[in-house]
Amino acid sequence: MPAPTCSSCHAARAALRRPRSGQALCGSCFCAAFEAEVLHTVLAGRLLPPGAVVAVGASGGKDSTVLAHVLRELAPRLGITLHLVAVDEGIGGYRDAALEAVSSQAARWELPLTIVAYADLFGGWTMDAVARSTAGSGRSRSCCTFCGVLRRRALEEGARLVGATHIVTGHNADDMAETVLMNFLRGDAGRLARGGGLGSAGEGCALPRCRPLQFASQKEVVLYAHFRRLRYFSEECVYAPEAFRGHARDLLKRLEAARPSAVLDLVHSAERLALAPAARPPPPGTCSRCGALASHTLCQACALLDGLNRGLPRLAIGKGRRVLQAKPPLAGNPSQAIGDPVALQGPCTCEQSRDGASPCRDGGDCAGATCVVPSDLSATE
């Protein structure tokens, strides 16, 4: 059966049916429609004002590649300046190849590129070092938690380095729907309340962030890359298989098979979510250490780094965070020095009882670390 005629130009043969609407379009008309929808999202949401210097979070993957290409096409109409900012998380055998893809894209599109590294920003910590630190703690699945928080901070620092006024990321509708599902499954009302909308306005010292592809499905992002012949890095991160997000992704695929509109329904539900006054999170304050926005004494990034530097990475997530914030690193203790990712492991020297009967001494996690009772070790991801 021959392909139908494109319902837009009525000349070329249709190359696809849009997953959401079923509209039959040729490749050229589909790309034009995709770009027009992104433009509408940016203008309707007033995301990027004229004159904005925009830091595009560039990972080399399909989403950031499509985002950078579309914004480059729309930049003259929007009156914005683009600057690619890539983050080197320090993942051997994975990130080097992705950064090569980003460098190739920057050269091809004649866009400036800045690369910031975890190792430089976080006292020598890389994701490989974080993975080694958490390997024996029963928290191996938390690598993506560490990486997500640190990556956000690194992108912010990179954007400031290039003088950006706004940050954009390539999160698509599927990504956002997965996040909504994850927060529902975790019962995280605070994140659900903050997850709606197209980004953040930039409270305090934080730069405004937005997601121009938030209403674009992953299928259409891939189709746009195909028809525009965009080259991107497609390997999965070596730590991703252990992430909780994978379970939400599998569930979302089953939901979408039964109800094709499930992805956008979840995205829009987060926009319309209203919490009872008693359930609303308190307004954020500032981190006592770095000055960033924080809902506790320490921001997420400082809390995670604090746990790593103490040799207690599992205390940096969930309930253990209150222990980290209550006891800052001790001066003069090399195992707790900021930026030391290779603290030597050894018996604990504290006198506190771990089991309520006797000092832990040789049962601690790290030399010189402060032990905690078992109830504080039940951190949740």
Side-chain angles (χ1 to χ4, degrees), residues 1-48 54 56-80 82 101 105 108-109 111 168-178 180 198-199 210-234 249 252-271:
M1 181 176 179
T5 302
C6 174
S7 61
S8 180
C9 68
H10 305 290
R13 290 291 184 184
L16 76 153
R17 287 190 179 276
R18 300 195 70 176
R20 192 191 317 173
S21 65
Q23 186 182 21
L25 295 175
C26 64
S28 179
C29 289
F30 165 73
C31 290
F34 186 93
E35 291 167 4
E37 288 168 4
V38 174
L39 177 63
H40 174 76
T41 298
V42 173
L43 293 177
R46 299 180 180 179
L47 304 181
L48 302 172
V54 181
V56 182
S59 67
K62 64 182 186 311
D63 298 314
S64 66
T65 299
V66 167
L67 175 64
H69 184 274
V70 171
L71 289 182
R72 180 174 173 269
E73 295 294 312
L74 300 178
R77 299 176 64 180
L78 294 171
I80 60 176
L82 302 180
Q105 293 164 3
R108 189 181 314 118
W109 297 333
L111 291 176
V168 296
T169 58
H171 295 89
N172 60 45
D174 294 65
D175 297 327
M176 300 310 300
E178 289 166 11
V180 173
L198 290 164
C210 63
R211 300 178 290 266
L213 300 183
Q214 180 164 311
F215 300 129
S217 71
Q218 181 169 265
K219 292 187 179 86
E220 295 206 337
V221 169
V222 172
L223 286 169
Y224 181 89
H226 169 72
F227 288 116
R228 288 298 192 210
R229 298 183 180 179
L230 303 180
R231 289 176 288 176
Y232 56 86
F233 181 75
S234 59
R249 181 174 296 126
L252 183 62
K253 287 178 181 177
R254 293 197 294 272
L255 291 173
E256 191 178 15
R259 181 184 174 89
S261 64
V263 170
L264 280 176
D265 289 344
L266 281 167
V267 173
H268 291 308
S269 72
E271 292 179 327

When rounded to the nearest 0.5 angstrom, what distance separates SG in Cys29 from CZ in Phe227? 11.0 Å
Are more than 12 heavy atoms from other residues, nucleotides or ligands located less than 6.0 Å from atom CZ of Arg77? no
Assess the side chains of Thr65 and Gln105: does a donor N or O sit below 3.5 Å from an acceptor N or O? yes
Could you give the distance from CG (Leu223) to OG (Ser217), rounded to the nearest 0.5 Å? 7.5 Å
Between Arg13 and Thr5, does the side chain to side chain contact (heavy atoms under 4.5 Å, CB included) criterion hold? Intermediate values first, please. CA-CA 5 Å; Arg13 290 291 184 184; Thr5 302; 4.0 Å; yes
For Leu266 and Leu252: C-alpha separation, side-chain torsions, deciding distance, then whether side chain to side chain contact (heavy atoms under 4.5 Å, CB included) applies. CA-CA 10 Å; Leu266 281 167; Leu252 183 62; 3.7 Å; yes
Please check if atom CZ in Arg231 has more than 12 non-hydrogen atoms from other residues, nucleotides or ligands closer than 6.0 Å. no
Given the rule in the side chain to side chain contact (heavy atoms under 4.5 Å, CB included) test, do Leu43 and Leu78 qualify, once you have shown the distances and angles that lead to the verdict? CA-CA 8 Å; Leu43 293 177; Leu78 294 171; 3.8 Å; yes
Calculate, to the nearest 0.5 Å, the distance between atoms CG and CZ belonging to Asn172 and Arg211 respectively. 11.0 Å
Charged N to carboxylate O below 4.0 Å: is that the case for Lys219 and Glu256? yes
Any ion pair linking Arg259 and Asp265 (charged N to carboxylate O, less than 4.0 Å)? yes
Any non-hydrogen side-chain atom of Leu82 less than 4.5 Å from a side-chain atom of Trp109? no
Quick check against the 3.5 Å criterion: does Ser7 have a side-chain atom that pairs as donor or acceptor with the backbone of Ala24? yes
For Cys9 and Ser28, what are the C-alpha separation, side-chain angles and deciding distance, and is it a side chain to side chain contact (heavy atoms under 4.5 Å, CB included)? CA-CA 9 Å; Cys9 68; Ser28 179; over 6 Å; no
Salt bridge check, Arg228 against Glu35: does any charged N sit closer than 4.0 Å to a carboxylate O? yes
